[in-house]
Protein chains: 2
Amino acid sequence: MRHKQQIRGHLDLLTLSVLADGPLHGYAVIERLRARSGEVFDLPEGSMYPALHRLERSDLITAEWSSVQGRRRKTYRLTDRGRRALSAQRRDWEEFATAVRSVVGGAPWPATN
Amino acid sequence: MRHKQQIRGHLDLLTLSVLADGPLHGYAVIERLRARSGEVFDLPEGSMYPALHRLERSDLITAEWSSVQGRRRKTYRLTDRGRRALSAQRRDWEEFATAVRSVVGGAPWPATN
DNA sequence: TTTCTATGTATAGGCTTTCTAGGTATGAGA
DNA sequence: TCTCATACCTAGAAAGCCTATACATAGAAA
């Protein structure tokens, strides 16, 4: 997995984003994230499950157990709070990315004015 | 300071970027970063100094002590290794940002195909 | 003169987040 | 039966940044 350090602090946004298109169980969130990112984000389960539990504790997502072909599944969906949090985090990401571009771009194009 | 969590894992890139335009001492790095980011990144010293020491230990920057008006200053400059690292981290950032946009953007525009 | 503010460096301790590494279990295919 | 893919979980470690604090000088304000 590339971007090990970089993903820190952005995993919630990514997770909420893929769940915004519809409920998914944990394993599927990982796969969807990998696919949507063009194979760039390939999270270990040990990162994803704790993240989902954290989001659940914060009431940004809710979970429901089911059983498919003898396999138990925990399906997550966004709450209203989660949807609002996603909007806010999207804006935060935009601002953050813009600021980074300004700093990193440096001289080439006008940064701060 | 906004973006507390988000900056994690990107501080090295930001620091190297501002030092790429010329040597600066720690306090000035903070100010330059704040200015260049449009006041978005306002790092506490307790974040910046450890980061600089980390980069110094990795030989990405070198430091030189001087004294200006009775005040001691430690001026940092990029090494060749640091310059190469900056290039690599810039590319990583681009890839990372693109991947995040793909995931976050979701339905609105084609993400994975 | 004393105090406040800005400049300038530094570190210890703590918190949060992610990763590593391991575990459990089912179903399918070889 | 063994292995692989699916599907869940957690303990403990590592990393990185923040809070809080400390020290020191210069200049301005009181």
Side-chain angles (χ1 to χ4, degrees), chain A residues 1-16 23-35 37 40-58 60-61 63-76 89 92 96 99-100, chain B residues 1-16 23-35 37 40-58 60-76 89 92 96 100:
Chain A
M1 161 91 175
R2 285 112 87 205
H3 308 290
K4 278 194 182 170
Q5 299 313 315
Q6 299 182 329
I7 213 167
R8 276 180 167 280
H10 303 282
L11 184 52
D12 287 7
L13 167 64
L14 296 172
T15 305
L16 293 175
L24 291 172
H25 62 283
Y27 203 81
V29 171
I30 293 176
E31 293 182 318
R32 194 67 67 89
L33 204 43
R34 185 171 53 232
S37 67
V40 172
F41 300 138
D42 187 9
L43 283 137
E45 289 143 40
S47 301
M48 193 75 257
Y49 289 117
L52 287 167
H53 300 160
R54 203 169 54 239
L55 291 170
E56 198 184 356
R57 273 198 309 278
S58 309
L60 301 185
I61 60 179
E64 201 176 329
W65 283 100
S66 62
S67 190
V68 177
Q69 293 170 341
R71 288 202 192 89
R72 61 188 195 139
R73 278 188 178 170
K74 200 174 177 185
T75 301
Y76 296 93
Q89 290 190 20
D92 285 348
F96 174 75
V100 172
Chain B
M1 161 90 177
R2 284 112 88 203
H3 308 289
K4 277 193 185 173
Q5 299 312 315
Q6 300 182 328
I7 213 167
R8 276 179 166 280
H10 303 282
L11 185 51
D12 287 7
L13 167 64
L14 296 172
T15 305
L16 293 175
L24 291 172
H25 61 282
Y27 202 80
V29 171
I30 293 175
E31 292 182 319
R32 194 67 66 89
L33 204 45
R34 185 172 53 231
S37 67
V40 172
F41 299 138
D42 187 9
L43 283 137
E45 291 128 36
S47 302
M48 193 75 257
Y49 289 115
L52 289 167
H53 300 161
R54 206 169 52 236
L55 291 170
E56 199 184 356
R57 274 199 308 278
S58 309
L60 301 186
I61 60 179
T62 48
E64 202 177 327
W65 282 101
S66 63
S67 190
V68 178
Q69 294 171 340
R71 288 200 192 92
R72 60 184 197 141
R73 278 187 178 171
K74 199 173 178 184
T75 302
Y76 296 93
Q89 289 189 22
D92 284 349
F96 174 76
V100 172

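By convention in this document, chain letters (A, B, ...) are assigned in the order of the sequence lines, proteins followed by strands, and residues within each chain are numbered from 1.
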Taking the side chain of B:Arg54 as heavy atoms from C-beta outward, which of D:dA7, D:dT10, D:dC17 is closest to it? D:dC17
Could you please name the option among C:dT17, C:dA10, D:dC8 that lies closest to any side-chain atom of A:Tyr27? D:dC8
Just the atom pairs and distances: protein N or O near nucleotides 21-23 of chain C's N or O, under 3.5 Å.
none

Side chains of [X] and [Y], heavy atoms from C-beta outward: is any pair under 4.5 Å?
X       : Y       : answer
A:Leu43 : A:Ile7  : yes
A:Gln6  : B:Leu13 : no
B:Glu56 : B:Tyr76 : yes
A:Ile61 : A:Leu16 : yes
A:Leu24 : A:Thr75 : no
A:Thr15 : A:Met48 : yes

Rounded to whole Å, please give me the gap between [atom1] in [X] and [atom2] in [N].
X       : N      : atom1 : atom2 : value
A:Arg34 : D:dA5  : CZ    : P     : 12 Å
A:Leu52 : C:dT18 : CG    : P     : 11 Å
B:Phe41 : D:dC17 : CZ    : P     : 12 Å
A:Arg72 : D:dC9  : CZ    : P     : 6 Å
B:His10 : D:dA15 : NE2   : P     : 18 Å
A:Met48 : D:dT6  : CE    : C1'   : 17 Å
B:His25 : C:dA6  : NE2   : P     : 16 Å
B:Leu11 : D:dA15 : CG    : P     : 16 Å

Does OP1 or OP2 of D:dC9 have a side-chain N or O of A:Tyr49 closer than 4.0 Å?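 So the side-chain polar atoms of A:Tyr49 never come under 4.0 Å of the phosphate oxygens OP1 or OP2 of D:dC9.
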With a 4.0 Å cutoff (strictly under), does any side-chain N or O of A:His53 reach OP1 or OP2 of D:dT10?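 Indeed, a polar side-chain atom of A:His53 lies that close.
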Using 30° and 60° as the class boundaries, would you call the ring planes of A:His10 and A:Phe96 parallel, tilted or perpendicular? tilted
Nucleotide N/O to protein N/O under 3.5 Å, stretch nucleotides 27-30 of chain C:
residue, atom, partner, partner atom, Å
C:dG27, O4', A:Arg71, NH2, 3.4

Establish whether the base of C:dT17 is bridged to the side chain of A:Arg8 by a donor-acceptor pair shorter than 3.5 Å.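 Checked by distance alone, the answer is yes.
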Contacts of type side chain to side chain donor-acceptor pair (under 3.5 Å), residue B:Arg72, not counting sequence neighbours: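 With neighbours one apart ignored, the set is empty.
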Between B:Gly26 and A:Asp12, which is nearer to the 5' end of DNA chain C once each is assigned its nearest nucleotide?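 Comparing both residues, the 5'-ward one is B:Gly26.
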B:Glu64 CD: over 12 foreign heavy atoms closer than 6.0 Å: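 Check fails, neighbour count at 12 or below.
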